[in-house]
Amino acid sequence: MTREELIAFALNLPEATESAHFERRAFRVRGRIFMTLPGGDYCVVRLKPDQQKMALAIAPDVTVVVPGGWGERGATRLYHAAADDRTVHDLVQQAWKNAAPKSLISKEE
C-alpha cells in the first residue's frame with residue numbers, strides 16, 4: 001500500500017483528523033492518536049500489547065515492536081509498502097478502535 005493510499009484510508013475512518021505530533025504526521029480520532037507517520041516506508045499504529053503479539057505472529061515480515069516503553073505498551077511499526085492491503089486495513093482500523101470512544105465505535109458496528 002502506498003503512503004498516499006494509507007493516508008486516504010486513515011482519514012476515511014469516522015471522525016479521523018490529521019495533525020502534527022512532535023513534527024510528525026499524526027492521525028487522531030477525537031483528539032486521541034491512533035497512527036503516526038514517522039518514516040517513509042512505515043507507520044506506527046497504536047495497538048494493545050495482546051493485539052501487537054497477534055500482529056507480530058500473523059504478519060512478522062511487516063510488523064516490528066517500536067523500541068522502548070512505547071513498544072512495550074503496544075506501539076507497532078507497520079511497513080505498509082510491503083504489506084498487503086488487508087493487513088494494513090485491519091491493523092489501522094484496530095488502532096482507530098483502540099483510540100475511539102466506545103460510543104463512536106458502537107455507531108459504526
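Residue numbers start at 1 and run along the sequence shown. All values derive from a computational prediction rather than experimental measurement.
Side-chain contact of Arg28 with Ser19: a donor-acceptor pair under 3.5 Å is present, judged by distance alone. Using a 3.5 Å distance cut-off with no hydrogens or angles, the side chains of Gln94 and Asp90 do not pair a donor with an acceptor. Side-chain N/O atoms of Asp84 and Thr87 include a donor and acceptor closer than 3.5 Å.
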For Val65 and Leu56, what are the C-alpha separation, side-chain angles and deciding distance, and is it a side chain to side chain contact (heavy atoms under 4.5 Å, CB included)?
-> CA-CA 8 Å; Val65 175; Leu56 294 169; 3.5 Å; yes

Could you check Met1 against Cys43 for side chain to side chain contact (heavy atoms under 4.5 Å, CB included), going step by step and ending with a plain yes or no?
-> CA-CA 11 Å; Met1 176 176 287; Cys43 63; over 6 Å; no

Does the side chain to side chain contact (heavy atoms under 4.5 Å, CB included) test come out yes or no for Tyr79 and Asp61, once each step is laid out?
-> CA-CA 8 Å; Tyr79 289 87; Asp61 295 339; over 6 Å; no

Given side chain to side chain contact (heavy atoms under 4.5 Å, CB included), test Ile33 with Arg46 step by step and report yes or no.
-> CA-CA 8 Å; Ile33 294 174; Arg46 181 180 156 203; 5.6 Å; no

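Here the OG1 atom belonging to Thr17 is positioned 8.0 Å from the CG atom belonging to Leu11, to the nearest 0.5 angstrom. Rounded to the nearest 0.5 angstrom, Arg24 CZ and Leu37 CG are separated by 10.5 Å. Here the straight-line distance linking atom CG of Leu13 with atom CZ of Phe34 works out to 5.0 Å at 0.5 Å rounding. One distance of note links CE of Met35 with CG of Leu91; it measures 11.5 Å at 0.5 Å rounding. Distance check: Leu78 CG to Leu6 CG gives 7.5 Å after rounding to the nearest 0.5 Å. Here the CH2-CZ distance, from Trp96 to Phe9, works out to 10.5 Å after rounding to the nearest 0.5 Å.
Val92 places none of its side-chain heavy atoms less than 4.5 Å from the side chain of Phe27. Taking the side chain as every heavy atom from C-beta outward, Leu104 and Val29 approach each other to under 4.5 Å. When side chains are defined from C-beta on, Arg77 counts as touching Pro67, because their heavy atoms get closer than 4.5 Å. Here the side chains of Ile7 and Arg25 are in contact, with some heavy-atom distance below 4.5 Å. Side-chain contact between Asp41 and Arg3: absent, with no pair of heavy atoms (C-beta onward) separated by less than 4.5 Å.
Considering every non-hydrogen atom in both Ala16 and Ala10, the closest pair reads CB-O, 3.1 Å. Residues Val88 and Ala83 come closest through the heavy atom pair CG2-CB, 3.6 Å. Across every non-hydrogen atom of Val44 and Pro38, the tightest pair is CG2-CG, 3.7 Å.
Neither Leu47 nor Met54 shares a network with the other; the hydrophobic side chains, linked directly or stepwise wherever heavy atoms of I, L, V, M, F, W or Y lie under 4.5 Å apart, form separate groups for each.
Gln52 places a side-chain N or O within 3.5 Å of a backbone atom of Ala75 that can act as its donor or acceptor partner.
Ring to ring, Tyr42 and His80 are not that close: their centroids are 6.0 angstrom or more apart.
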